[in-house]
Each structure stands twice: as structure tokens, then as C-alpha cells.
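All chains are named by letter (A, B, ...) in the order of the sequence lines, taking the proteins before the strands, and each is independently numbered beginning at 1.
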Amino acid sequence: MIKPEQWLSNALGKTIIGLYGNTGSNPLVIQPTRKDVEGDFTLVCFGLTKLSGKTPAQTAQEIGDAFCMENPEAGSYNIANGFLNINLTFKFWITYLNGYTADATEPDLNKAPVMIEYSSPNTNKPLHLGHVRNNLLGAAVANIIEASGRKVIKVNLVNDRGIHICKSMIAWQKSGLNETPESSGIKGDHLIGKYYVEFDKALKIQSEPILSKILAGDFIDLDEKSTLKATAIVEKYNQSTAEKKEELKGELKLLANSGTALMKEAAEMLRQWEAGDEATIQLWKTMNGWVYQGFDVTYKRLGVSFDKIYYESQTYLLGKELVDSGLSSGVLYKKEDGSVWIDLTAEGLDHKLLLRSDGTSVYMTQDLGTALLRAEEYHAGNYVYVVGNEQDYHFKVLQLILRKLGYAWADGIFHLSYGMVDLPTGKMKSREGTVVDADDLIDEVILEAKKKSEELGKTETSNSDELTKLYERIGMAALKYFILKVDPKKRMVFNPAESIDINGNTGPFIQYSFARIQSVIRKAHGILDESYNPSSIENEPAHRTLIRTLEQFHETVQASADSYNPSLVANYAYELAKQFNHFYHEFSILKEENKDLASFRLELARKTGQTLEKAMGLLGIEMPERM
RNA sequence: GGUCCCGUAGCUCAGUUGGAUAGAGCAACAGCCUUCUAAGCUGUGGGUCUUUGGUUCGAAUCCAAACGGGAUCACCA
């Protein structure tokens, strides 16, 4: 099938070479003609004046004349302010529509696959709004890249070990209640989260008197190292302004925490875990198991899935081998206390710790190990990490270290860094209880979809299973679209009230447009046939605009894949739906007396519907047949 | 303090590698259901694109500075 823009670019190039001998040093600037001007595509002629030695308008006219002469597909042209607006014939567009399909490019198995890591939760608390953005982005990007023709491997790296899960375990043990998800009726991840919060509460009670002592210069509860640190901070603290004091107080709080009996217990449990203590491991397995059960439910409701799940407990040791080889090759160095570092000052960064003095690994070490494992297992061409932008520095360093260690595949690492999700009231803060829980959020949007649907009172079915499914689709569409329509890089405000809106630039609006199309198709069945005589179709602008928008679908998917940005697809779907509604309002399909025209419109509607469904599907949004 | 990101309508967001008179939605106001689903369509008002310089045929977009907001700089993850 002809790709209009590509064809135009080649054909215009030929025309310009014919006129001026070459096309100049810059590529031709061709863009879809803006709405308020007549034309399909526009050639910007300012850059060509050097070739022609004439004014932009004269140049445009010269090119326009020659181009229309040479190409029967070009019907006419007009010139405004140095812009050459070219009209392709309506016949050209009808032929285009005839060959158009919304189907995706089949993945090319000769190309190296793309690995996408997303979700990557800790196992000490349930998923929240931030995770929701992460999961939706990861799943959408995976779909979009796959649709653009590359194989995708979706992975999840679960942070299942560490001090955080030990905290929940301690609190659970101390409660003595032996609560399980079954006995308590609480979803597994929420149950663990509950104990994590309880630990924190108890910790605060133990920690506060220690903090007071520290501020008074009494370091009796601290070990040697912490005392040294605390002494220095307290000295600074006493000379600081009020604002700076708050900041330093935060650091002292951490030190105070480390002096509590509870933290010592948690640290001891972590040591036992690493030593392989059977009872500890058993409890850890049990409690993590509850969390996974809970996560599975949430993942399913969000509609996300993974091809492979990595667990840090299984990969955290691998980084150490990598560190060893880095030491022997001289890329890394060891300090007197036994800690291992890398010097990145030449790259404008800092020295970075890779192994603690006691030989245990840190976050970076684990990530290095995991990266190596994946590269060896999959030999992907790209490794995409969907992780919040607070970790920009971490991933910069990660990639740099791998490069310095000599791994060529490190060039394929891409940190899909997305912005934080704020609430209208400001940042989400767990201490202030403003964290929006993922499960609650899902319940809420579905409930709201139900309420609004019932208010409208026009659903065609009373089958309760169908209705349940419909409300779920509408609610999830509202939520997903609300989040995915925003450029991932940007920090966004999540307004719960607006997230369940069904009017305007929303998921349900697009669903509604689709449902209308399906309704027409159902009614046309057996009445209109699919064939029509193209020559009897008039050149209506609304028809043409719609075809032109369909034409942009595949390149939008490609651009979206190239830039790891699902919002391009989201905004495209909205634009298409809007244009369809305009068309739908202006013309009737079923009541059109000219059967050729009616069939043509039906075909246009059908392909619009397919495209809407495909585009929304890439975002993980399902379309209802009726609503 | 060093480094990085951001600043577009009252609010939430678009704005392709620099291109024409900066666009949508929400909110407000005014119209359109006897017509394929009104979860829709049409219209009105709303802007010093934070500011100031620079680059050029042309800047919301590129460069510099200032102001404002955020992140990060752990032997945390």
C-alpha cells in the first residue's frame, strides 16, 4: 500500500531536482496541512529559496505547477505565505481507504527483541497510584513497541528481600495473632502492609526519646559509627536556620531509628535471612506468598502481565561476581576498610559504592547483576527500565558502570523515566495517609462508572453479568486513559474526580464513539453491502478529513514506539473519535439514499472503529460493543 | 551548595526535526434530541507561552541568564 507522506516526499524530491538540480542540504519539510487551510499536505518552501533564487511564494508556485503536471494524484495546490498546500485527488484518498487496515506490523523476529522492565514492586506494601502509572505505562509501551514490529519481553523485578519485608515480619510475629489473609479476610498485600505500618508506629515510639537525647547531645543509644555521624550533624544543627534544622532532623531521625531495639531486631532478622535460617526463610516465604497472591489480583484487574519475573533474592548475589571481575580489571578499586568503589569523577559524577565494607551488596550491585543475567539470557537489543524519575541518577550511573566494565549491550539501556503523580492537594505522603491505594482506586472508578451509567439510564441490556463487565470497562478506560494521555516524562496531577469523567477528552468518550459505530454496523447488517462504486462518491471534506486522520495511525504508533510515549497514541485516538463524531453528526449512513455513498460511509465508519479499538487496545483499554 | 528535570487559558493537558492567526478538555455562558446511541454536536468568552537577552526569513520550541517549582547527591532501596 502507498504511504501518502512517503510517496509525496519522493515525488516532490523528484520535482525539485528537476527544477533546481538538487533538493538542498536539509530534508524537505512536509507536514499535514493545518485544519483551517485548504490542502492535504504542506511543503514549507522557505528553506528552498536558496536553491531557486526566488521568493518563497514564487518558489512554491514553481514547484506546485511542476508537481501537479507530473503527478495525476495531485489535484490542485494553493500558496499562502510561502507554504505550498497540495490537494491530492479524492480518488487517491478513496483508493487509500480501500487498502487501509489498522492491523499492526508483525514482529520481525530477525531484529533483537526489546526487554521492558516495569512494575518492580517491594513486597512490604500494596500497590499505590504511583505503581499504577508505572504498570500502565510499561504495559502500554510493550504493546506499542510490539505493534511497531519488534518482539517484546516483559519482565518484572520483584524486590522481595531486605529490611523492609523484615519489618513486616517482626510486627507480624510480635502481634501473636497468626493472622493470614484467610483468617483475617484481608487481601495478602494489604495484610503485610498493615504490619509494616504497625512496625513503623512502634518504631516511632521507641525512636522519639532517642532523638530527644541526641538533640541534647546524649548519644548513649548509638553505636560508634552513628555517634560519630550524629556528633557532626548535631553541631551543624545547632548553628542552622529553622529550615535547615528540619532537614538535619530528618537525618538524625534515621540515626535514632537505628538505635532502637526494634530496628536491631529487624537487622538481626535480615542477618538470619542471609545466613539461611530455616524458620526465618519459612516465614519470609509464607508472607511473600500472601503478597504475591494480592499482587496477582491487582495485576489482573489492571490488565498487566509479564513474560518473566525476576526476584532480587535470586539475583542479588550475581552482582558480586561482576564486582570481582571489575576489581581484577582495575575498573573498580577497594578502600582500606574493604568497601569497593568506582570513580566516576572523570564523567562529572561521583565516587559510587558497589560493595559495603562487610562485603554485602547494595542496590546498585544487585541491579548490575540483574542486568548481566538478563543480557546473557535474552540478548535483547534494548533494555527499557520503567522507573520513576527520582532514580535518574541511579540509571545514569548503572549504564556508565556497565559501559566501563566493557559490556557493549549497555548502550541499549534506556531509562523510561516518568514523573511523579501528585494529588490536587500536593504530594502523596504515607505519613499523612494521602497515598491512593491501587485496589481502592480501581473499585472507585468502576463504582463511579456504574453510578454515571445508571444516571443516564440507557444501557440496552439488563443482563447483570454484561453490565458488570461494562462498568468495569468504562471505569478502567477512564482511569487508564486519564493517566496515559499525559506525556510520561511529565509530573502529573491526578484528580480523582476528573479521572472518572466520561465527557470530553476521556476514555469513555472514545468508547462511546466506538459503541456508536458498532451500533450502526449492526443495523446495517443485511441492508447495506460492502461494495460501492468509488466514482459516485462526492468529495466531502468531513470524509476526507477522517481518511487523512486514519492515514496517520501507523506513523503515530511508530512515533509512539520510538519515543516510548503512549500519550501519542492516546491523543491520536481522541482526535480520531472527535472527528468521527463530527462526521456522524453531519451525515447519516443508514438513511443515505445513494447506496454507494451509504456503503462508502459505512466502510469509513468500520475502519474508524477498527482503528479506535486497535489504538485503545495498545493502551490496555477494552471497547464495549454497546453502552 | 553541585547536578538534573519542569514552568503554555481559572484548572488538567496537547503543541512532531524551529513554520502560517498557540490548540483541546474541564469549569462558565448560549443553542441543537420526531433524525444511525445527546456519554454527542455547534457557538461565545478566556493567553505578555514565567521574565530578560541572543541565534534567523521565522522561536512556545534552540542558546544564555534571572525568577519560581521539583528531584537527586546514603556503607537505603
Side-chain angles (χ1 to χ4, degrees), chain A residues 26-27 29 31-37 42 44-47 49 55-56 80-83 85 122 159 162-164 225 251 254 312 335 337-341 348-350 353-358 360 362-364 366-367 388-394 396 417 419-420 422 424 427 449 452-453 455-456 458-460 474 482 485-487 489-495 497-499 501-506 508-513 515-524 555-556 559 563 567-568 570-571 574-575 578 581-582 584-592 598 601-602 605 626-627:
Chain A
N26 298 319
V29 182
Q31 50 202 213
T33 304
R34 38 180 293 160
K35 274 185 227 161
D36 50 345
V37 177
T42 296
V44 182
C45 295
F46 296 96
T49 53
T55 65
N81 309 323
F83 295 88
N85 304 311
N122 289 356
N159 183 12
I163 197 75
H164 50 84
K225 246 185 186 171
E251 290 180 40
L254 287 180
E312 285 197 0
K335 277 194 185 175
D337 63 3
S339 56
V340 178
W341 297 74
L349 304 174
D350 249 322
L353 177 91
L354 294 181
L355 226 48
R356 295 192 187 97
S357 51
D358 64 3
T360 57
V362 290
Y363 180 42
M364 183 61 79
Q366 296 168 23
D367 259 10
N389 64 9
E390 77 271 19
Q391 295 198 34
D392 284 354
Y393 183 76
H394 174 80
K396 210 167 156 183
S417 161
M420 297 292 98
D422 291 329
K427 288 203 239 177
K452 293 196 170 170
S453 297
E455 266 170 40
L456 288 166
K458 52 183 245 188
T459 43
E460 290 176 8
I474 296 173
F482 186 85
K485 75 175 173 182
V486 181
D487 186 333
K489 288 193 290 292
K490 295 198 177 174
R491 172 178 276 269
M492 68 174 286
V493 176
F494 184 87
N495 186 330
E498 285 175 15
S499 74
D501 268 355
I502 56 176
N503 302 320
N505 188 0
T506 65
F509 168 88
I510 300 169
Q511 288 179 316
Y512 179 70
S513 310
R516 277 177 148 182
I517 293 172
Q518 300 316 299
S519 172
V520 173
I521 290 173
R522 278 192 301 273
K523 288 181 178 159
E555 65 192 76
T556 301
S563 56
S567 76
L568 299 181
N571 287 309
Y574 173 60
E575 183 62 33
K578 221 171 25 162
N581 279 320
H582 177 72
Y584 179 91
H585 186 257
E586 200 171 342
F587 304 101
S588 179
I589 296 169
L590 300 178
K591 297 202 171 85
E592 174 57 51
R601 284 181 187 157
L602 183 65
R626 51 191 104 216
M627 66 189 278

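With distances taken from any side-chain atom of A:A515 to the nucleotides B:rU37, B:rG40, B:rA74, the minimum falls on B:rU37. Here the side chain of A:Y512 is nearest to one of B:rA38, B:rA77, B:rU17, namely B:rA38. For A:N503, the side-chain atoms get nearest to B:rC26 when compared with the rest of B:rC36, B:rC26, B:rC75. Comparing B:rG70, B:rC41, B:rC11 against the side chain of A:E498 picks out B:rC11 as the nearest. Of the candidates B:rC13, B:rC73, B:rG40, the closest approach to any side-chain atom of A:Y393 belongs to B:rC73. With B:rG40, B:rA20, B:rG25 as the candidates, the nucleotide lying closest to the side chain of A:N85 is B:rA20. Taking the side chain of A:K591 as heavy atoms from C-beta on, and the options B:rA14, B:rA77, B:rU35, the nearest nucleotide is B:rU35. Checked against B:rA20, B:rC41, B:rA77, the side chain of A:N581 finds its nearest nucleotide in B:rC41. Of the candidates B:rU21, B:rC36, B:rC26, the closest approach to any side-chain atom of A:L590 belongs to B:rC36.
Under a 3.5 Å cut-off, the side chain of A:S563 and the backbone N or O of A:A559 do form a donor-acceptor pair.
Both thresholds, 5.5 Å between centres and 30° between ring planes, are not jointly met by A:Y574 relative to the base of B:rA24, so the two rings are not stacked. Remark: ring of A:F83 stacked against base of B:rA20; centroid gap under 5.5 Å, plane tilt under 30°.
Under the Watson-Crick and G-U wobble criteria, each requiring two contacts below 3.5 Å, nucleotide B:rA38 is left unpaired.
Atom CE in A:M420 sits about 12 Å away from atom C1' in B:rC5, given to the nearest Å.
By the 30° and 60° cut-offs, the orientation of the rings of A:H394 relative to A:Y363 is parallel.
Note on A:H585: every side-chain N or O is 4.0 Å or more away from OP1 and OP2 of B:rC33.
Side-chain to base pairing of A:S519 with B:rC36: no donor and acceptor N or O lie closer than 3.5 Å to each other. Looking at A:T42, its side chain comes within 3.5 Å of the base of B:rA20 through a donor and an acceptor atom.
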